[in-house]
J.: 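Quick one: this structure, given as structure tokens, is what I'll be asking you about.
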Amino acid sequence: MIRYFSVTLVVLISTVIIGRGILREVMIWNARHGDAAVQYKMADQFERSDFQAKDLMKAIMWYRRAADNGYSMAPVRLADIEARGGGWGER
């Protein structure tokens with residue numbers, strides 16, 4: 001019984017991890033191909049450190065791309081980062 005349960009649990013956890021990885025790859029592909037809403041979401045995740053370590057420069061890059069593609073909240077977030085003395089750098 002315990003053996004069956006542990007194997008089932010491992011399969012379930014593996015499926016969730018693989019699913020998350022696939023979803024992240026789809027999200028990155030969509031962002032790179034101009035989906036402004038996904039670009040904004042990626043920027044927000046980098047700013048709040050949902051991906052890996054907090055990376056403000058990547059957040060700024062994705063906010064800029066989202067702004068360039070017409071996402072109306074992106075310039076607001078960029079202005080907020082600037083007001084807080086955020087790290088501006090090259091595009």
J.: How many angstroms lie between CZ in Arg77 and OH in Tyr71, if you round to the nearest 0.5 Å?
T.: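 Here the rounded value is 10.5 Å.
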
J.: Identify the two heavy atoms, one from Gly34 and one from Asn69, that lie closest to each other, and give their separation to 0.1 Å.
T.: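 For Gly34 versus Asn69, the nearest heavy atoms are O-ND2, 3.7 Å.
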
J.: Please determine whether residues Met61 and Ile28 belong to a single hydrophobic cluster, defined as Ile, Leu, Val, Met, Phe, Trp and Tyr linked transitively by side-chain heavy-atom distances below 4.5 Å.
T.: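 Same cluster.
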
J.: Is the charged tip of Arg65 near the ring of Trp62: under 6.0 Å from the six-membered ring centre and within 45° of its axis?
T.: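 Checked: cation-pi criterion met.
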
J.: Less than 4.0 angstrom from a charged side-chain N to a carboxylate O is my criterion; do Asp68 and Arg64 meet it?
T.: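 Judged by the 4.0 Å cut-off on N to carboxylate O distance, Asp68 and Arg64 do not form a salt bridge.
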
J.: Taking the side chain as C-beta and beyond, is there a heavy-atom pair between Ile81 and Glu47 under 4.5 Å?
T.: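 They are in contact (side-chain heavy atoms under 4.5 Å apart), so the answer is yes.
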
J.: Check whether the side chains of Tyr63 and Gln39 place a donor and an acceptor atom closer than 3.5 Å, and report yes or no.
T.: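 Gln39 and Tyr63 do not have a side-chain donor-acceptor pair below 3.5 Å.
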
J.: Just so I know, are the side chains of Glu25 and Trp29 near enough to count as touching, which here means a heavy-atom distance under 4.5 Å?
T.: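 Counting from C-beta outward, Glu25 and Trp29 never come under 4.5 Å.
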
J.: For Phe46, run the side chain to side chain contact (heavy atoms under 4.5 Å, CB included) check against Met57, Lys41, Lys58 and tell me which one passes.
T.: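 Looking at Met57, Lys41, Lys58, the match for Phe46 under the side chain to side chain contact (heavy atoms under 4.5 Å, CB included) is Lys58.
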
